[in-house]
Structures are given as C-alpha cells and as structure tokens.
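Beneath this line is the structure, given in structure tokens, with notes to follow.
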Amino acid sequence: MTQCWEPGTQYNYGDIVEYQGQCFQPMYFQSSILSVIWYLGSEYKIIQPHRSQSDWTPDVTPALWGKTQGHHHHDEKQQQNWQQPQPQQQPQQAPSYDYGKQEQGPAQSEHKSWFDEHKKEAEIAGGLAIGAGLLGAAFGAYKHHEHQKEEGQGYEAWANTARARTNDFYQNGPRGPFTWVYTEGKRIPQGAVSTGREKDWTLYIARSWIDGAVMPGKASDVFKKGAVIGYKEKEHHVDKYEVLLGDMSRLKWVQFGNRINLDALGAQPVEGGYENDGTPLYIVKAYHKDAWHPGKASVKFEGAFIPYDDKEKLIREYQVLCYA
C-alpha cells in the first residue's frame with residue numbers, strides 16, 4: 001500500500017509515496033462490503049535516496065522525487081468490527097507574510113535570482129536538466145542520468161533541489177515559517193535570518209553540501225566566497241550555498257547547553273541539515289568573541305559547533321532555532 005510522505009523519514013530506491021492530499025486509512029464495516037482506500041494526492045517515486053526534511057516535500061524536489069500517474073485507489077477485503085480512521089494532518093498552506101518585508105542589516109544586498117542568470121543552461125553536470133523554456137513553470141522537466149558517479153550525484157541532487165525550491169519560493173511564496181534559498185557568491189537574499197553583527201558585518205545562517213552531508217554554517221557579504229561551513233574541525237569556504245529566510249514571529253531561539261536533548265528542549269527544533277550517516281543537524285547560534293555565530297548541534301555533539309578562525313569551535317552554551 002502506498003504511504004503518505006512524512007518528514008524525518010529515510011527513503012530509498014523503490015519507495016513510492018503520496019503527497020498533497022489525504023491518505024485515508026481503511027474503514028471496516030460489519031458486512032461483506034469491500035473497503036475502499038482513496039489516495040487523493042499525487043504519487044511520487046524516489047529518484048535519489050535521502051532523509052526527508054520538512055522543506056524537502058516531493059512537489060518541490062524533482063531531483064529527489066519523480067511524479068507518476070497521480071491518484072490511486074485500492075480495494076481491500078472486509079474485516080469484522082468497524083474501525084474509525086485516524087485524522088491525517090493536512091499539508092501546511094503557504095502563509096500570507098512576505099519574508100522580504102523584514103528589516104535587514106546594512107550588510108545585506110539585493111537578491112538576483114540564480115534562474116535569471118542561467119536561463120540558457122541546457123543541462124547541469126550530473127544529468128538533471130533544466131530547460132530554459134520550462135523555467136516559467138515551477139520546475140520544468142528534470143532528467144536523471146543513470147551513469148553519474150555517486151559523489152557527483154549527491155552534490156547535484158542537493159544543488160538542483162535547492163535551485164528548484166528557490167524558484168518555487170520566488171514564484172509562489174513561502175510554504176512555512178522558513179525557506180532555504182539557493183544563492184552564489186556574496187549575494188545575500190532579502191529576508192535572510194541574521195544572528196547579529198560581528199564587528200562591522202552581519203552574520204546570516206547558511207548551509208551547503210559537503211562530503212555527502214548538508215552542513216549548517218554562516219554567510220556574509222564580507223567572506224571571501226560568501227559562506228563558511230564547519231566540517232571535520234575545519235572551516236570550508238564555499239560560493240554555492242543556501243541561506244535561511246524566515247518569519248521570526250513564527251520562530252524562536254531556545255536556550256540550551258551541552259548535548260542537545262530533544263525531549264528536554266521544550267520545542268520543536270528546525271533541522272538545518274544532516275550528517276553523511278543521516279543524523280539530523282539543528283540550527284543554533286552561540287556567543288563567542290562578542291558576537292552570536294551561526295552553527296550546528298546534534299545528539300552526537302557535546303555542545304554546539306561554530307566555524308571560527310579557520311576551525312570548528314565547540315561552545316557549551318547556545319540557543320536552538322525552534323518553531324514558535
């Protein structure tokens with residue numbers, strides 16, 4: 001039976017899910033009538049194995065999911081004893097607020113869409129094509145290359161998913177209290193979430209793909225490539241990354257210390273990425289050298305790690321970004 005898509009789930013080759021509709025559980029009656037299960041959403045088949053995230057829904061990640069033939073229903077034999085179906089949570093509707101209307105720090109620059117600069121690109125290395133004539137639609141058609149190397153496939157899957165999600169955001173607006181927006185170089189998108197200022201520049205929350213993982217870090221228009229990601233005790237400068245946009249009236253910072261404990265946190269943390277073994281990474285900010293620096297926390301860490309001074313620095317006391 002096809003399952004509903006859910007965040008925080010590991011999906012592998014062969015998996016098929018339903019999304020953007022109701023997945024009804026069977027209803028059994030005290031008769032011999034057949035029970036019909038209707039799936040009112042669209043059906044998607046896995047392209048790239050991954051651990052799902054709340055902003056990586058099948059409809060905005062064509063590098064990860066391929067849409068199939070749509071609605072389906074299945075007949076099942078009747079069992080005794082009527083059973084009430086459990087209510088299913090509906091997909092979150094896009095709110096009416098505009099991230100871009102938030103007050104921004106002086107270091108922020110005007111965003112120019114990646115798609116505006118790549119309309120003539122016929123095919124991205126790794127085999128996921130974005131046709132120029134299809135950019136007016138939300139995503140267009142993506143072609144999966146069957147013979148690309150595993151490392152390249154991982155990076156290209158991330159990059160194309162990030163670009164498609166960004167295109168969807170600028171065309172249709174946000175789908176929740178936060179959105180990851182792809183950018184390149186020192187361009188910081190309007191509406192980026194800031195952790196504050198360091199000396200004369202503003203720090204923003206960023207993330208990028210590195211060595212099979214998606215790692216949170218920091219961005220600023222003064223950094224030599226735009227973003228700095230901490231990984232394996234070192235700083236890595238990257239020019240292709242995502243920046244977190246959000247409505248801080250629907251998000252909050254929660255104080256914590258040492259190893260993060262999700263049960264004791266008292267709020268739902270925002271996942272900012274994952275280790276190459278699939279362990280979730282949470283977005284944090286930690287105070288160091290007179291500034292609040294973006295970083296990451298995990299159930300495996302003894303605290304929070306921030307990229308600083310060419311290294312990763314462990315900070316025991318920190319704040320976690322959570323849903324308000």
Side-chain angles (χ1 to χ4, degrees), residues 48 50-51 53 56 63 107 109 114 124-126 148-163 165-166 180-189 192-199 201-245 260 270-289 291-298 300-315 318 321:
Q48 173 67 33
H50 65 284
R51 178 184 173 85
Q53 297 182 195
W56 285 18
S109 60
W114 179 90
I124 295 171
Q148 59 190 162
K149 294 181 180 179
E150 182 177 356
E151 182 178 353
Q153 183 183 51
Y155 171 78
E156 293 302 334
W158 167 79
N160 284 284
T161 293
R163 291 162 181 160
R165 178 172 51 247
T166 299
W180 289 101
V181 169
Y182 178 86
T183 190
E184 295 181 1
K186 299 183 179 183
R187 293 191 298 267
I188 305 298
V193 176
S194 169
T195 59
R197 293 181 63 77
E198 180 185 17
K199 298 179 181 180
W201 55 86
T202 303
L203 296 174
Y204 300 97
I205 299 167
R207 72 179 184 183
S208 187
W209 190 96
I210 181 169
D211 192 24
V214 175
M215 289 281 167
K218 60 185 178 182
S220 178
D221 60 4
V222 302
F223 296 158
K224 64 182 181 181
K225 288 189 176 182
V228 178
I229 306 298
Y231 180 67
K232 288 190 174 180
E233 302 181 358
K234 296 181 180 180
E235 282 189 339
H236 298 264
H237 291 260
V238 299
D239 60 359
K240 297 177 177 61
Y241 57 98
E242 293 177 284
V243 174
L244 186 73
L245 278 60
I260 192 170
V270 174
E271 288 192 23
Y274 52 87
E275 298 273 12
N276 50 25
D277 65 359
T279 302
L281 296 171
Y282 303 104
I283 300 169
V284 304
K285 64 177 181 179
Y287 196 75
H288 181 65
K289 299 292 185 180
W292 285 96
H293 297 266
K296 62 189 178 185
S298 164
K300 299 194 302 184
F301 302 160
E302 294 298 328
F305 280 100
I306 61 170
Y308 187 82
D309 195 21
D310 295 327
K311 301 178 182 178
E312 280 194 292
K313 186 170 183 61
L314 176 65
I315 308 293
Y318 55 93
L321 186 63

Hey, does [Y] have a side-chain heavy atom less than 4.5 Å from the side chain of [X]?
X: Ile283; Y: Val193; result: no
X: Ser194; Y: Tyr204; result: yes
X: Trp56; Y: Glu271; result: no
X: Glu235; Y: Asp310; result: yes
X: Tyr282; Y: Pro216; result: no
X: Met215; Y: His236; result: no
X: Thr183; Y: Ile188; result: no
X: Tyr241; Y: Val228; result: no

Exercise: identify the closest heavy-atom pair between [X] and [Y]:
X: Trp292; Y: Leu203; answer: O-CD1, 3.5 Å
X: Val214; Y: Trp158; answer: CG2-CD1, 3.9 Å
X: Pro189; Y: Arg187; answer: CD-O, 3.7 Å
X: Ile306; Y: Ala286; answer: CG2-CB, 3.9 Å
X: Pro294; Y: Gly217; answer: CB-O, 3.4 Å

Could you go through the side-chain contact (heavy atoms from CB on, under 4.5 Å) check for Leu281 and Thr279 one step at a time? CA-CA 7 Å; Leu281 296 171; Thr279 302; 5.6 Å; no
Apply side-chain contact (heavy atoms from CB on, under 4.5 Å) to Lys225 and Phe223, showing your working. CA-CA 6 Å; Lys225 288 189 176 182; Phe223 296 158; over 6 Å; no
Rounded to the nearest 0.5 Å, what separation is found between the [atom1] atom of [X] and the [atom2] atom of [Y]?
X: Thr202; Y: Lys218; atom1: OG1; atom2: NZ; result: 13.0 Å
X: Leu245; Y: Thr166; atom1: CG; atom2: OG1; result: 9.0 Å
X: Asn276; Y: Trp209; atom1: CG; atom2: CH2; result: 9.0 Å
X: Tyr155; Y: Asp211; atom1: OH; atom2: CG; result: 14.0 Å
X: Thr195; Y: Leu244; atom1: OG1; atom2: CG; result: 11.0 Å
X: His288; Y: Tyr308; atom1: NE2; atom2: OH; result: 5.0 Å

Donor-acceptor contact below 3.5 Å, side chain Ser208 vs main chain Lys240: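 A pair under 3.5 Å: yes.
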For Tyr318, what residues pass the ring pair (Phe, Tyr, Trp, His ring centres under 6.0 Å) criterion, not counting sequence neighbours?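 By the ring pair (Phe, Tyr, Trp, His ring centres under 6.0 Å) rule, Tyr318 matches no residue at all.
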Taking ring pair (Phe, Tyr, Trp, His ring centres under 6.0 Å) as the test, write out the residues that go with Phe301, two or more places apart.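 Counting only residues at least two positions away or on another chain, Phe301 forms a ring pair (Phe, Tyr, Trp, His ring centres under 6.0 Å) with Phe305.
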Stepwise side-chain contact (heavy atoms from CB on, under 4.5 Å) test for Arg165 and Glu242: CA-CA 10 Å; Arg165 178 172 51 247; Glu242 293 177 284; 2.3 Å; yes
Tell me whether Glu233 at atom CD has more than 12 heavy atoms from other residues, nucleotides or ligands lying less than 6.0 Å away.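 No, because the 6.0 Å sphere around CD of Glu233 holds 12 heavy atoms or fewer from other groups.
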Check against side-chain contact (heavy atoms from CB on, under 4.5 Å), Thr161 and Trp180: CA-CA 11 Å; Thr161 293; Trp180 289 101; over 6 Å; no
Pairing of Glu312 and Lys296 as salt bridge, 4.0 angstrom limit: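 Judged by the 4.0 Å cut-off on N to carboxylate O distance, Glu312 and Lys296 do form a salt bridge.
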